[in-house]
Amino acid sequence: MAPETSAPPAAALSAPTIFSAKDRPGDGGNATLLTWKDPALLPAGAVLQIRRAVPPAYEWADVATVKPGVERYEDTTAKDGVVYRYEIRATVPDTSAAAAAIAGPPVVSDPVASHENWFNRDRTNSFIATVLFILVLLISIAMAKSGKNIFIRRIAGLNAIDEAIGRATEIGKKVLYIPGIQSMDEIQTIASISILSYVARATARYGADLDVPNKDPLTFASAREVVRSAYLAEGRPDLYREEMVNYVTYDQFAYTAAVSARMIREKPAAIFLIGYFFAESLILAETGQSTGAIQIAGQADPTQLPFFVATCDYTLIGEELYAASAYLTREPILLGSMRAQDIAKGIVIVLGILGIILTSLGLTWYAALFKTQ
Amino acid sequence: MNLEFGRVAIVVLFALLPIAGIALGFFVPTLRARGPLFVAFFAGIIPIFSLYIPKRFLSGETGMRPRLDQWLIIVAGFALLLGIVNVIQNGTRRIARREKGWPYSVVLLTGLFVTGGLGIWGAISGQGITTLPDGSGTPFKWLADNFFLPLQATIFALLAFFMASAAFRAFRARNTEATILLVAGILVMAGRVPLLEFLAAPFPPIQPAAAAASQGLGKLTEWIMQTPNGAAQSGIIIGAALGAASMAIRLILGIEKGYLGLGGGE
């Protein structure tokens with residue numbers, strides 16, 4: 001016998017249960033969250049119709065229709081401070097019969113009003129992790145300040161900075177520093193500008209010529225200030241020239257062409273490619289390699305790292321870029337922050353191994369703990 | 001006048017406070033370095049707070065967070081003017097002193113003034129920068145299409161040749177690590193193209209075996225990319241993310257000052 005496919009009479013459509021309407025938690029307001037349990041045995045084509053009214057009047061206005069199985073709806077058309085009542089009922093809209101004749105009994109919610117919230121609960125895990133990391137960082141800095149010896153592994157790329165600048169000084173050629181092509185809102189650029197400060201101090205000390213071509217205007221302004229300050233700090237303002245830090249162009253490949261041409265024409269003895277690079281990374285590094293310069297590169301993003309590793313003498317990989325200022329200056333406060341970074345990395349490794357074990361055992365709740373929006 | 005809290009707070013934090021700091025800096029030199037640190041603190045703390053606090057004055061469409069991004073664009077616009085002035089200064093100096101390569105500066109400045117002039121004229125005259133009212137292209141667009149875009153494409157195309165020369169150097173089997181790299185590289189390259197099918201094409205009897213082997217090679221390629229390569233990339237990404245977070249906190253707290261020209265941690 002063929003299954004029954006025609007719409008059942010109204011009495012056969014039961015009402016959704018456990019219907020609740022509340023302010024959507026953790027949002028910026030103007031939204032309510034409706035949840036319910038679908039009625040059992042809904043016929044094919046049945047949907048849940050949601051309507052709302054502003055009490056005391058009960059003029060119901062359609063809000064949405066939701067397919068069975070979702071059991072949740074966010075009304076983002078709600079206005080903060082306005083009290084609403086919501087109604088939900090099962091209907092079968094795609095029938096030739098009159099809609100009212102096949103709508104199930106409605107369920108009406110308690111009055112609800114949306115409002116702004118002070119905390120996004122979906123990000124609780126991220127918030128806890130951030131607070132813990134800050135605490136570990138501050139404790140590590142306090143320990144470093146108290147004179148505790150902190151070991152940092154040797155980073156070859158940073159040790160080679162002085163060697164590269166020394167070589168440039170000996171053979172009387174310039175040091176070319178390329179701070180990436182991103183602006184100062186990119187943390188890799190900020191890290192690069194911190195390293196530039198150290199490089200500029202070294203060139204000022206040794207009397208080597210420095211050239212810093214820029215693609216981004218904000219990076220240009222910061223780099224100029226940093227280089228000027230470095231020469232002043234080293235007591236060599238006489239060696240500083242405005243054209244040391246220069247602006248080239250805002251276009252990626254025009255910048256690449258200009259800097260590559262500068263490499264070929266002027267043959268710098270040392271080239272630093274530190275910051276955020278995209279497709280131009282290999283063009284610049286390979287051109288620099290062809291000129292015979294010592295090349296030190298640094299990038300945290302793994303997409304361009306293989307190109308630098310293949311073409312440069314030294315490469316600061318990932319976190320090494322951010323460790324540079326601590327490593328170079330050996331300031332206790334900065335070293336303390338590096339210790340915190342290592343502790344956090346250790347925690348991440350332990351949590352990762354725990355995740356592998358628990359997930360392999362079929363315990364999915366552990367992975368869910370780290371889900372964030 | 002719209003006096004939303006977010007709007008007013010941004011003006012106070014990033015305009016009035018820095019101006020007051022600069023003014024006070026003339027009388028108290030130590031304050032000169034503190035001003036940028038305050039700006040960095042607020043500029044860093046607002047996006048972090050906006051992640052966790054969904055209040056409209058902070059994270060809404062017209063809240064402090066999106067306004068901060070708008071301010072960045074405005075500041076970058078002014079900085080671009082500084083950059084253009086620098087290009088003109090450097091170019092004219094090189095030409096005036098007949099420094100090595102000065103003819104390049106003539107080409108650069110000619111390009112800057114002609115292209116920039118045509119673009120500005122199109123905007124001022126109301127004819128449009130790229131398209132005239134009759135739908136035809138402006139001289140600015142002609143220059144962009146016929147000079148700028150082909151040159152840009154040429155530089156980008158060089159990447160293929162540089163990639164080949166860099167791969168040649170990287171894949172030389174000098175030691176164990178380089179040999180592993182070479183073998184993995186060859187396997188991945190072979191697995192991404194129908195190499196075995198191509199080689200077996202003239203020999204029909206071995207074509208089914210070649211197709212099966214090619215499929216196996218494809219799976220091996222995927223394994224190399226997903227497992228050892230993916231694991232190494234994840235390691236770098238996690239380390240870099242923690243490094244970036246640590247650096248961001250150092251910047252916000254004013255511990256890291258190297259980017260301000262004050263030396264690391266001074």
Side-chain angles (χ1 to χ4, degrees), chain A residues 26-29 116-120 123 127 133-134 137 183 185 187 190-191 193-194 197-198 217-218 220-222 225-226 228-230 233 243 246-247 250 253-254 256-257 265 279 282-283 286 300 302 307 310-311 317-319 321-323 325 328-329 331 333-334 337 340-341 344-345 348, chain B residues 48 51-56 59-60 63 72 75-76 79-84 86-87 89-90 93 100-101 104 148 151-152 155-156 158-159 162-163 165-167 169-170 232-233 235-240 242-251 255-256 258-266:
Chain A
D27 69 357
E116 287 182 277
N117 292 280
W118 273 104
F119 184 67
N120 187 347
R123 291 184 179 151
F127 179 73
F133 185 60
I134 292 173
L137 188 84
S183 191
D185 60 342
I187 197 144
I190 299 176
I193 294 296
S194 290
S197 176
Y198 180 83
L218 281 177
F220 159 68
S222 304
E225 197 56 40
V226 160
R228 187 190 288 136
S229 303
E243 62 265 27
N246 47 77
Y247 188 72
Y250 198 70
F253 288 110
T256 309
R265 279 201 301 270
L282 185 62
I283 300 176
E286 194 62 6
F307 299 132
T311 50
I317 296 174
E319 64 193 310
L321 174 66
Y322 303 114
S325 56
L328 294 169
T329 60
E331 290 273 338
I333 298 177
L334 296 175
S337 73
Q341 209 172 304
K345 212 193 304 176
V348 169
Chain B
I48 294 178
L51 267 179
Y52 304 112
I53 301 173
K55 285 272 180 188
R56 269 196 293 275
S59 328
L72 181 73
V75 173
L80 187 60
L81 278 179
L82 275 181
I84 293 168
N86 185 261
V87 168
Q89 279 178 339
N90 286 340
R93 193 201 63 250
K100 194 180 169 191
Y104 297 117
F148 185 67
L151 288 170
Q152 205 178 29
I155 296 293
F156 188 51
L158 287 175
L159 197 56
F162 283 129
M163 215 175 267
S165 64
R169 203 171 319 106
Q233 285 218 16
I236 293 173
I237 291 168
I238 290 170
L242 287 169
S246 167
M247 177 131 188
I249 293 166
R250 293 202 303 259
L251 290 168
I255 296 168
E256 173 92 43
Y259 73 103
L260 291 172
L262 298 174
E266 266 180 17

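For the numbers below, each heavy atom of this structure counts, side chains included, while hydrogens, waters and symmetry mates do not. Residue numbering restarts at 1 for every chain, and letters A, B, ... go by the order of the sequence lines.
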Residue selection (most heavy-atom pairs with chain A, distance under 4.5 Å) from [options]:
options	answer
B:A170, B:A248, B:G239	B:G239
B:I249, B:L81, B:L82	B:I249
B:G63, B:G60, B:A76	B:A76
B:Y104, B:F162, B:Y259, B:Y52	B:Y52
B:V75, B:L158, B:I48, B:N90	B:N90

Return the minimal non-hydrogen interatomic distance between [X] and [Y], and the atom names on each side.
X	Y	result
B:A166	A:A310	O-CB, 4.2 Å
B:S246	A:Q341	OG-OE1, 3.3 Å
A:G26	B:P54	O-CG, 3.5 Å
B:E256	A:S194	OE2-OG, 3.1 Å

Is any side-chain heavy atom of [X] closer than 4.5 Å to a side-chain heavy atom of [Y]?
X	Y	value
B:I255	A:L334	yes
B:L242	A:E319	no
A:W118	B:I53	yes

Rounded to the nearest 0.5 Å, how far apart are [atom1] of [X] and [atom2] of [Y]?
X	Y	atom1	atom2	answer
B:N86	A:F220	CG	CZ	3.5 Å
B:S165	A:L282	OG	CG	7.0 Å
B:L251	A:I187	CG	CD1	5.0 Å
B:R250	A:I333	CZ	CD1	11.0 Å
B:S59	A:E116	OG	CD	9.0 Å

Part of [X] lying under 4.5 Å from any heavy atom of chain A:
X	result
B:R169	side chain
B:I84	backbone
B:A245	both
B:I237	side chain
B:L151	neither

Mind ranking [options] by heavy-atom pairs under 4.5 Å with chain B and telling me who comes out on top?
options	answer
A:I190, A:D185, A:T311	A:I190
A:R228, A:R265, A:K345	A:R265
A:A300, A:G318, A:A340, A:S337	A:S337
A:A254, A:A257, A:A344, A:P302	A:P302
A:N117, A:I193, A:N246	A:N117
A:A279, A:S222, A:A323	A:A279

Report task. Check the angle between the aromatic planes of B:F156 and A:F253 and answer parallel, tilted or perpendicular using the 30° and 60° thresholds. Result -> tilted

At a heavy-atom separation under 4.5 Å, does [X] approach chain B through its side chain, its backbone, both, or neither?
X	answer
A:F119	both
A:Y198	neither
A:L218	both

